[in-house]
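For reference, the structure discussed in these notes is given below.
Quick note on labels: first sequence line is chain A, next is B, and so on, each numbered from 1.
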Amino acid sequence: DTGVSQNPRHKITKRGQNVTFRCDPISEHNRLYWYRQTLGQGPEFLTYFQNEAQLEKSRLLSDRFSAERPKGSFSTLEIQRTEQGDSAMYLCASSLGVGHTEAFFGQGTRLTVV
Amino acid sequence: QKEVEQNSGPLSVPEGAIASLNCTYSDRGSQSFFWYRQYSGKSPELIMFIYSNGDKEDGRFTAQLNKASQYVSLLIRDSQPSDSATYLCAVIGGTGGFKTIFGAGTRLFVKA
């Protein structure tokens with residue numbers, strides 16, 4: 001296993017378009033997290049899954065954002081009607097589903113909304 | 001009050017010196033604590049974790065935890081220019097449940 005994989009690595013889209021990102025976690029990891037990071041800031045929590053269940057979604061997340069993990073393996077994050085303020089690095093991380101274990105990050109998807 | 005607070009820096013140290021990075025957290029119920037290193041344009045990379053009060057050493061890195069003071073630190077001995085990066089403090093537990101909450105990070109520069 002080569003770790004957490006994210007696709008695409010880069011995405012440029014026009015304002016108002018929808019985009020979808022994919023994350024493949026480390027195979028034995030049950031928890032999967034999505035974060036957003038802008039320049040000079042730490043990763044901001046968006047949502048996380050335990051297996052296929054979405055257990056928490058940040059209240060800062062607008063309803064234009066949705067995430068799924070249909071079979072408890074890979075996950076997708078969709079942003080509808082993108083805005084320039086959505087431009088950021090979107091990071092996926094996974095961890096074992098036991099206790100408070102460390103999260104391992106993918107390489108991220110950099111979104112630019114023009 | 002932010003949940004995890006770090007001095008944004010930059011912290012500048014000469015090569016070979018000890019770099020000391022500090023972090024405080026607001027949720028007294030937090031149970032697990034992590035330090036990540038992030039190079040510019042790259043994703044965070046885990047370098048240390050600590051669960052119990054006291055010190056934990058791994059090579060040139062030492063993590064220190066004081067739950068009573070809600071304080072965690074990272075010491076980097078014999079700092080190298082390759083250590084120049086942003087160091088992110090992260091916590092899990094308490095009212096945050098199982099999600100990892102990050103500080104904004106401290107930028108470290110090691111001067112050759």
Side-chain angles (χ1 to χ4, degrees), chain A residues 2-7 9-10 21 23 25-26 29-51 53-61 67 88-112, chain B residues 2-10 21 23-25 27 29-52 56 58 61 63 65 67 72 74 85-108:
Chain A
T2 57
V4 180
S5 176
Q6 291 188 247
N7 288 288
R9 295 288 307 281
H10 304 274
F21 309 143
C23 173
I26 295 171
H29 285 186
N30 294 326
R31 289 192 197 137
L32 185 148
Y33 306 81
W34 285 100
Y35 290 85
R36 176 173 62 192
Q37 188 175 28
T38 53
L39 193 64
Q41 300 298 314
E44 174 192 17
F45 171 79
L46 296 179
T47 188
Y48 89 98
F49 294 83
Q50 175 83 28
N51 299 313
Q54 187 174 21
L55 296 188
E56 189 171 345
K57 184 176 177 180
S58 171
R59 61 181 179 274
L60 301 176
L61 208 60
M89 175 76 86
Y90 289 83
L91 294 164
C92 176
S94 69
S95 70
L96 288 170
V98 178
H100 301 110
T101 57
E102 58 273 25
F104 296 90
F105 283 85
Q107 293 175 304
T109 295
R110 181 166 296 283
L111 173 66
T112 303
Chain B
K2 291 184 179 179
E3 294 173 281
V4 180
E5 295 210 48
Q6 297 181 253
N7 186 325
S8 63
L21 305 163
C23 171
T24 58
Y25 58 95
D27 189 337
S30 299
Q31 297 180 19
S32 304
F33 307 86
F34 307 90
W35 284 98
Y36 287 80
R37 177 176 62 199
Q38 187 172 27
Y39 293 112
S40 181
K42 303 295 185 183
S43 60
E45 170 193 15
L46 179 73
I47 53 173
M48 288 285 290
F49 61 87
I50 186 166
Y51 303 145
S52 304
K56 180 181 178 183
D58 184 1
F61 299 99
L65 175 62
K67 289 186 177 181
V72 58
L74 179 70
T86 296
Y87 288 81
L88 299 163
C89 174
V91 303
I92 292 180
T95 57
F98 292 114
K99 68 175 182 281
T100 307
I101 300 171
F102 287 83
T106 298
R107 292 175 62 196
L108 172 67

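- Residues passing the side-chain hydrogen bond (donor to acceptor under 3.5 Å, both in side chains) test with B:Trp35, sequence neighbours excluded: none.
- For the pair B:Phe98 and A:Tyr33, the tightest heavy-atom approach, listed with the atom from each and the gap, is O-OH, 2.8 Å.
- Proximity to chain B (any heavy atom under 4.5 Å) is shown, for A:Gln50, by neither the backbone nor the side chain.
- Interface residue B:Lys99: backbone and side-chain heavy atoms are both found under 4.5 Å from chain A.
- The neighbour count for A:Arg36 CZ, taken as heavy atoms of other residues, nucleotides or ligands under 6.0 Å away, is above 12.
- Checking B:Ile101, B:Leu88, B:Thr100 one by one against A:Pro43, the side-chain contact (heavy atoms from CB on, under 4.5 Å) holds for a single residue, B:Leu88.
- Scanning all heavy atoms of the two residues, the minimum distance from B:Ile92 to A:Thr101 falls at CD1-O, 3.5 Å.
- Separation of the B:Phe102 and A:Phe105 ring centroids falls under the 6.0 Å cut-off.
- For a residue to count as touching a neighbouring chain, one of its non-hydrogen atoms must lie under 4.5 Å from one of that chain's; by this rule B:Gln6 does not touch chain A.
- With sequence neighbours left out, the side-chain hydrogen bond (donor to acceptor under 3.5 Å, both in side chains) criterion links A:Arg9 to A:Gln107.
- For the pair B:Pro44/A:Leu91, a side-chain contact is recorded, criterion being any heavy-atom separation below 4.5 Å from C-beta on.
- Taken to the nearest 0.5 Å, the CD atom of A:Gln37 stands 9.0 Å off from the OG atom of B:Ser43.
- Minimum heavy-atom separation, A:Glu102 to B:Phe49: OE2-CE2, 3.9 Å.
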